[in-house]
Every structure is written in structure tokens, then in C-alpha cells.
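What follows is a single structure, written as C-alpha cells, with notes after it.
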Protein chains: 2
Amino acid sequence: MKQLAVIGVGLIGTSLALAAKRSQPGLTIIGIDRDALTLEQARARGAIDQCFVVDDLSGLAQVSGLSGCDAIVLALPVRQFPAALASLSTVIGPQCVVFDVGSTKADVLAAAQAALGSKFAHFVGCHPIAGRERHGPLAADVTLFEGKSVIVCAPNADAAFVDVVGTLWQSVGARVISMSPEAHDEVFAAVSHLPHMLAYALVDELASRPNARTLFAHAASGFRDFTRVASSSPEMWRDIAMNNQSALLTEIDAYIARLQQLRSVLAAKDATALYEFMQRAQAARERWLSGQLDQFKNEGS
Amino acid sequence: MKQLAVIGVGLIGTSLALAAKRSQPGLTIIGIDRDALTLEQARARGAIDQCFVVDDLSGLAQVSGLSGCDAIVLALPVRQFPAALASLSTVIGPQCVVFDVGSTKADVLAAAQAALGSKFAHFVGCHPIAGRERHGPLAADVTLFEGKSVIVCAPNADAAFVDVVGTLWQSVGARVISMSPEAHDEVFAAVSHLPHMLAYALVDELASRPNARTLFAHAASGFRDFTRVASSSPEMWRDIAMNNQSALLTEIDAYIARLQQLRSVLAAKDATALYEFMQRAQAARERWLSGQLDQFKNEGS
């Protein structure tokens, strides 16, 4: 790979650029963003070689150099993908792969199919499991992907393009896992998107109280860790929630039902059932932390 | 202070013993626990000088040396306090203060009043805001209380006893804050007890799924931090939930209502309202992290 374009130089885009340059020093990286200051921060960190401010994604096709890229990565909030892909569709060269880093996949692949038409085989859906609550190029980290998983959803793509993207992820230290887009969206609705919603809801609930100042004055490390993901970008997470709406609604409902079950046990002052509930959860988390995944149920997907 | 008894040498009891000994090298500490191995671990760490295994809290009164203590601290799950206090009531000397480290306060003060009778003035309710999800003497840390708050609820106690306990907390690096037991229980139901319930519920919900193995295989750092408090002791947290039941039920209901509000916005695909919800929460958390408490509402207690 000689030339890579990164569209959106936030936490993930800039981290990927930094890591790709480290593993391949001759690589030229074109950085594209709507915000000139953000681009300058990414350039100052040595992540990108050329900067293009693009206010409107329909202007992407006018960025010089894109047609000469070996790869283009979309590192934008997922609701901006349709516009970006529509604009890119005219400039994707015959050897160019397009991939993304979005947290939802069925919607992204549908958008790519609609926008790219015959070039849909160039598109490799990716989701690096390497988020942080901090965003922007200043939060970027060259080691962000080391030891992390990247889920690849590309039932549509040419094998050669999948290989190029897989090699890139491996070169920055990540482990590639293939999954169907539907399975991906169900799994991450449960283990990632739901906890984000739960954390946003807790912070918003307490901040709305008349005695919010007293509450936050006494919030400590448990609250800090529980709500860490509520510091995540609202724009990015609005898009994820909107684009994985169905799975996420199912998760919220299941969660509320489980919480109501805990509430019933507490309302009944059933100390034994309360202990068992907590003990099951604690034991499950310890199994997870110690890597004993084979002790979890594996009847479904 | 020359002699201190620590009843329950778990994380908090052992950490307090270690820190008290460091600030006052001549102090003799009597360690009491139901578990001989736990006691031996606390002794091996240098936290306690004498060990007493007490299977049944009614046997506390037989522990030699208790009547000669300047202070006795209850570091047990709060539902064991009535039995412990009833047994202690006969051995508390005229100069001896009894305090606790429990996470609920109205129930603890009521138990102390019922058990201690005329010696209720010896009891100082305390809650160090210094928990961790790890428990037992091996998790203890001599610096655990440094820079932390200790809430003191002692409307009943002699001022001299409150001073002794306050001085002890300050000597281990903590900041003492007075509060009514009722205000304490309301505040900590919201900022601590509720998040624990929410984390237990999420882990239990996902662990119960047919595809639990797949889910936990893809759970990452956001999930880990969100659920950290679900690794807390089920015995301790059952007791806290049972003893702060009323405030906690109110909190669970308010939380479910707020989560339903978020769900409605998502179900309606109202991208603007969804963004505003998340943005409010994110901004509130940032205000909190940066110490801008004066920007929170302060109309209530």
C-alpha cells in the first residue's frame, strides 16, 4: 500500500493513520475532515501528509489524489456514510479498497451497496473494537489497535480487497474476526450500544435532579467507571443508536425486564433471591475476566 | 488511641488497620473475623496484632481485650450489625467509641440505638467513600482512604467521640463530612447503590442468554468499566440494598422512567432529541469531571 485516504481524522482515523505510518514508513496519507483545526492537529501529530477540508461530503470527489489511493477509510459517524459513499463512487480506482470503522454494520453495508453499485465488491465493512470515550486527534494513540479485535463484515467483497484490509489491521497489531453484519449488530447492541445508553440515562437522570450538585459532589470511582462511556461523542452515538435501532430497542426492553426482576426481588425483601441475583452476576463477570468463556452458554449464534 | 478492635478484616477493615498503624506505630489492633484464613492474611500483612475467630457474633463479648479498647470499628456487612452491637453493648467501656464503615446509615443508627441503649452516645456512624470491587485483606491498601471523603452521621453521639473518630479518619488521609443519615441514604442510593444494581442487572441479563459465550467474547473495555462494580461482594451489596430498600426502589423507578424516555426517542427515530439527550449527559459528566459543581442545580437537599 502506497497511498491511504482517511476521511474523518477523529480518534480512530488519526490513530489508524499513526499506526499505519509506523508499520509502513513510506506510506502517504491524505487526511480529509470538515474541520480545519482538527486536520491541523492530525497533521501536527504526524498522522497525515496532506490535508483537505471538505465542508460537504458531496465535495469528496473533487479531492485530488483520491483516485490514486490504494485504500480509503471512512472514519465518520455512520449516518454520514451514504453521502460520503455516493461521492466516492465516481473516484474509486480499479485497485482501490474502501473500508470503514463504524460501530454498526448491516446499515453500513446497505449504504455501500446502494451508493457503490458495481463497485460494492470494493467495500469491506470493519469495526475495530478499540473505542475510547475521548475523541479527536489529540486523543489518538499509535497503539490503540494493538491486541484488539477488528470485526470484518464483507460477504460482498472481493477476496483480494478483504486481504488488503486484513493485512493493514494486522500490521497495526489487531486480530481480524469475520462475522455476518446481522450477527455483528446483535452482539454489539448487547455488549456495547446498550451500556452506552444505560450510562447516558443515568447521568442525565441525576443531572436533572433539583439536588444534582449534592449528588455529583458525592459521586466517586464506581460512578466514574460506570458512566465513563457517557463521555463518548453524542454525534457518533446518536448515529449508532439510530442505525442499530431495532436491535437496540430489543436490548433496552430486555434490560428493563431484567431490572424489573431485580426490583421485584428487592421490593419483596427476598434476601436469598437478591443474593443469588448478585452472586450470579458477580460470578459471571469473574468468569469473563479470567477468560473462562467455555463456561458460558453457547446455544445461539 | 492505644488499642483498636477491627471487627471484620475485609478490604475496608484491613486497609483502615494498615493505615492507622502507619500513622500511629504504637497502636495495638485486635482483629476479629468469622474466617481464620482471612484473619491470618490480615495478620501476615501486618494489619493486626491479635486474632480472634468468632463464628457467631453473640460471642463477641467473650473476646478478651475488647473492654480495654479506645475504639471498636464494625467493618461487616450491615445486616450483621444488630447482632454485633447487641453483643458489644456489654463490653463497651466508658471511654470507648464504636464506629462503623457501612454504606447505609439510617438503618445502622437505628440498630445502634436499639442495641446500645444508654451507650448510643458512644456510636458514630461512618461511611468512607473508598470502596473497591475487590474484597478481602489481600486487596487492602494502606493508601485507600487518602484524599477520600468519609461521611459521618452522628446526631446522637457525644462530641468527644465524634472528635476521636474524625481525628482517626484524618490521620489516614481522609476528609470528614457531616450529614444526616437520611440525606446520606438518599444521596448514596442515587450515586452508588443504583449503579451497582444496574451493573449486576446487565451482567446477569447477558450471562443468561443462549449466546452468552459470543457476547462475552466480544465485550471490551467499555463493558468492563461499566460493569466493574458488579464484581463487588454480593453479601455486602445484598445487605446495602435490603437496608436502603425504600430509597433504592425510588431510584430504580426513576431510572427506568428515564431509560423509557430515551427508548421513546429512539423508537420515534427522533435524531434531534436523541442527540440532545446524549449531549446533555455528556456535558454533565464533563462538568463533573472538571469540578464545575457550581453549574449543577442545587435546589434540593
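Within every chain, numbering begins at 1; the chains are lettered A, B, ... in the order of the sequence lines, protein sequences first and strands thereafter. Side chains are part of it too, since the values below use all heavy atoms of this structure and drop only hydrogens, waters and symmetry mates.
Minimum interatomic distance between B/Y275 and A/P234 (heavy atoms only, all atoms of both residues): CE1-CB, 3.7 Å. The minimum heavy-atom distance linking B/L109 with B/P181 is given by the pair CD1-CG, 3.2 Å.
Of the residues considered (A/Q295, A/R280, A/H218), A/H218 shows the highest number of contacts with chain B, using heavy-atom pairs under 4.5 Å. Between chain A and the residues B/A267, B/A257, B/A283, B/G291, the most heavy-atom pairs under 4.5 angstrom are made by B/A267. With respect to chain B, the highest number of heavy-atom pairs below 4.5 Å among A/L262, A/I151, A/L293 belongs to A/L293. Between chain B and the options A/S149, A/S192, A/S221, heavy-atom pairs under 4.5 Å are most frequent for A/S221. Contact count against chain A (heavy-atom pairs under 4.5 Å) is highest for B/R213 among B/M197, B/R213, B/R238. Highest contact tally toward chain B, considering only A/E133, A/R134, A/R287, is held by A/R134 [criterion: heavy-atom pairs under 4.5 Å]. Heavy-atom pairs under 4.5 Å with chain A peak, among B/S208, B/G222, B/A220, at B/S208. Of the listed residues (A/A284, A/A190, A/A207), the greatest number of heavy-atom pairs within a distance under 4.5 Å of chain B belongs to A/A190. Contact tally against chain A (heavy-atom pairs below 4.5 Å) for B/L266, B/L274, B/V229: the top residue is B/L266. Ranked by non-hydrogen atom pairs under 4.5 Å with chain A, the options B/Q282, B/R285, B/E286 are led by B/R285. Of the listed residues B/K148, B/E276, B/Q279, B/R228, the one with more heavy-atom pairs under 4.5 angstrom with chain A than any other is B/R228. Your options are A/D270, A/L198, A/I129, A/D239, and the one with the most heavy-atom pairs under 4.5 Å with chain B is A/L198.
Put simply, the side chain of B/H196 does not reach to within 4.5 Å of the side chain of B/I240, judged on heavy atoms. Here the side chains of B/L57 and B/L76 are in contact, with some heavy-atom distance below 4.5 Å. The shortest distance between side-chain heavy atoms of A/S103 and A/F188 does not fall below 4.5 Å. Inter-residue side-chain proximity for A/T38 and A/P137 is flagged as met; some heavy-atom pair is nearer than 4.5 Å.
Both the backbone and the side chain of A/L202 come within less than 4.5 Å of a heavy atom of chain B. Residue A/T227 touches chain B through both its backbone and its side chain, counting heavy-atom pairs closer than 4.5 Å. Contacts between A/R79 and chain B at a heavy-atom distance below 4.5 Å involve the side chain alone, from C-beta outward. In this structure, chain B has heavy atoms under 4.5 Å from both the backbone and the side chain of A/S231. The part of A/L206 that comes within reach of chain B is its side chain, from C-beta onward, which places non-hydrogen atoms under 4.5 angstrom from that chain. Within the 4.5 angstrom heavy-atom criterion, no atom of A/M236 approaches chain B.
Judged by distance alone, with hydrogens and angles left aside, the side-chain atoms of B/H127 form no donor-acceptor pair with the main-chain N or O of B/C153 at under 3.5 Å. No donor-acceptor pair under 3.5 Å is formed between the side chain of A/T143 and the backbone N or O of A/E146.
Between A/I177 atom CD1 and A/W169 atom CH2 the span is 13.0 Å, to the nearest 0.5 Å. Of the inter-residue distances, the one linking B/F216 atom CZ with A/L289 atom CG reads 9.5 Å to the nearest 0.5 angstrom.
A salt bridge links A/R209 with A/E205: the closest approach of a Lys/Arg side-chain nitrogen to an acidic carboxylate oxygen falls below 4.0 angstrom. Between A/K105 and A/D100, at least one side-chain N (NZ, or NE/NH1/NH2) sits under 4.0 Å from a carboxylate O, which counts as a salt bridge.
For a heavy-atom cut-off of 4.5 Å, chain B lies close to A/A241, A/M242, A/Q245, A/L248, A/L249, A/E251, A/I252, A/D253, A/A254, A/Y255 in residues 241-255 of chain A.
Under 3.5 Å, the side chains of A/E235 and A/S233 contain no donor-acceptor pair of N or O atoms.
Crowding of B/R34 atom CZ: a count of heavy atoms from other residues, nucleotides or ligands under 6.0 Å not exceeding 12.
For B/Y200 and B/W237, the ring centers are positioned 6.0 Å apart or more.
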